[in-house]
Amino acid sequence: MTALFHDIPGPVRLPQQRIDKLAAHYGDQFAHKHHMVRYLHDFVSPPSGRWIFKSNGKSGTSTALAFLFWAEFGVPLTTSLIEADNAHEDNLPHRLTNLNVFRFVHQRSDVNWLPGYLSEATYLATVRHPVTRLVSAFNYLCRSHELSISQFAGDRVRLSALTGFDWNTHAGTTEGFTRFLDYIDYGLTNNTSLLVESHWAPQFNTIRPDILAPTLIGKCEDFGSFFRQLADRFDLPRDHAAAFAEKPRNVGTYQGRDATQDYVADPGTRNRIRDLYAKDFEAFGYDL
């Protein structure tokens with residue numbers, strides 16, 4: 001009988017000996033070892049091992065994890081969690097790993113060789129249109145400033161140092177969004193040793209379909225279809241599955257912002273996003 005919950009936790013971080021062995025396996029597919037480590041750290045799994053889920057920031061992951069909780073245990077996730085130092089308005093789905101309900105794959109004591117386990121699993125991921133995802137990420141960053149919390153504090157400071165971003169005047173504005181793109185551009189092209197925050201890093205870099213192609217990818221814009229496919233795969237009622245798409249979790253608002261369309265009204269801004277996120281547009285079938 002499969003245990004309902006996980007066994008004794010494994011290491012929080014991959015030991016250096018395992019990192020070196022994994023780096024030899026993956027060769028030059030990552031610019032730095034710590035890029036590889038983050039990639040391997042972000043796979044969530046249930047005790048049953050029926051699936052693995054790649055956490056990809058600002059792509060409906062809260063809703064997807066709540067769905068997977070229901071798929072795994074047959075009951076909805078009805079409790080919530082608000083953390084004082086987190087701009088997320090309900091972070092519980094992302095804490096299921098901390099709460100010993102789900103677990104990151106690298107922490108599972110029954111997984112000896114990560115590449116082998118990952119290649120045999122049902123790999124699930126979610127994505128979002130690069131433009132709306134970037135707007136959401138910028139608003140999320142501005143929300144962290146508004147709350148004066150430590151989340152993204154390093155990025156807020158580096159954004160100012162690099163671009164002259166003034167948090168008194170640029171937060172929630174089109175000018176601020178342009179400087180945000182400058183910051184991302186710098187991180188992607190000039191400083192590969194510093195990881196770009198996963199909430200606005202290219203989704204291709206997080207999911208890496210060139211290394212391991214997902215079994216199913218759910219688009220935020222069509223979660224109903226994604227959840228119905230999962231319902232069929234896991235023998236669950238389709239109508240109940242579709243309800244998750246109709247009432248997504250964590251649909252927060254940031255009241256100090258320009259209208260979304262104002263951020264990207266300029267064709268040059270949209271073209272710049274297209275260039276910075278070219279792999280996302282191509283790999284996940286989005287157009288500008």
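Everything numeric here is computed off the predicted structure, so don't read it as measured data.
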When you measure from the side chain of [X] to the backbone N and O of [Y], does any donor-acceptor pair fall under 3.5 Å?
X: Thr174; Y: Asp262; value: yes
X: Asn271; Y: Pro267; value: yes
X: Arg274; Y: Asp287; value: no
X: Thr132; Y: Arg128; value: no
X: Glu89; Y: Ile82; value: no
X: Ser225; Y: Asp222; value: no
X: Ser119; Y: Pro115; value: yes
X: Thr122; Y: Trp51; value: no
X: Glu72; Y: Phe69; value: no
X: Asp90; Y: Ser80; value: no

Please find out if less than 6.0 Å separates the ring center of [X] from that of [Y].
X: Trp70; Y: Phe227; answer: no
X: Phe165; Y: Trp167; answer: yes
X: His129; Y: Phe284; answer: no

Salt bridge present between Glu282 and Lys279 (N-O < 4.0 angstrom) =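 Salt bridge absent between Glu282 and Lys279.
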message = Using a strict threshold of under 4.0 Å (side-chain N to carboxylate O), is an ion pair present between Asp42 and Arg208?
response =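 No salt bridge links Arg208 with Asp42.
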key: Working for side-chain contact (heavy atoms from CB on, under 4.5 Å), residues Asn91 and Glu83   = CA-CA 7 Å; Asn91 212 32; Glu83 296 176 312; 2.8 Å; yes
Side-chain contact test, heavy atoms from C-beta onward, threshold under 4.5 Å: evaluate it for [X] versus [Y] and give yes or no.
X: Arg158; Y: Tyr183; value: yes
X: Val196; Y: Leu188; value: yes
X: Arg272; Y: Asp185; value: yes
X: His41; Y: Val105; value: no
X: Leu134; Y: Ile184; value: yes
X: Phe73; Y: Val101; value: yes
X: Thr173; Y: Tyr263; value: no

ask   = For Phe234, is the NZ or CZ atom of Arg50 found under 6.0 angstrom from the centre of its six-membered ring and inside 45 degrees of the ring axis?
value =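 Relative to the ring axis of Phe234, which defines the angle, Arg50 lies inside both limits.
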message = For the residue pair Lys219 and Tyr286, would you count it as a cation-pi contact if the rule is NZ or CZ under 6.0 angstrom from the ring centre and within 45 degrees of the ring axis?
response =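 Yes, a cation-pi geometry holds between Lys219 and Tyr286.
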Hydrogens and angles aside, do [X] and [Y] bring a side-chain donor and acceptor to less than 3.5 Å of each other?
X: Ser45; Y: Arg108; answer: yes
X: His106; Y: Arg13; answer: no
X: Thr163; Y: His170; answer: no
X: Gln203; Y: Ser59; answer: no

message = Would you call the rings of Phe180 and Phe177 parallel, tilted or perpendicular, taking 30° and 60° as the class edges?
response =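 The rings of Phe180 and Phe177 sit tilted, inter-plane angle from 30° to 60°.
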key: Aromatic plane relationship, Tyr39 with Phe30 - under 30° parallel, 30 to 60° tilted, over 60° perpendicular   =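 Answer is tilted, since the angle falls between 30° and 60°.
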key: Path from Ile211 to Leu14 over hydrophobic side-chain contacts below 4.5 Å   =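 Yes; tracing contacts between hydrophobic side chains, which count when under 4.5 Å, links both residues.
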inquiry  = Test of understanding: clusters of I, L, V, M, F, W, Y form through side-chain heavy atoms closer than 4.5 Å, transitively. Do Ile149 and Phe152 belong to the same one?
reply    =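 No, Ile149 does not connect to Phe152 through the hydrophobic network.
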query = When you look at CG of Asp210, are more than 12 heavy atoms from neighbouring residues, nucleotides or ligands closer to it than 6.0 Å?
reply =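 Counting other residues, nucleotides and ligands, CG of Asp210 exceeds 12 neighbours.
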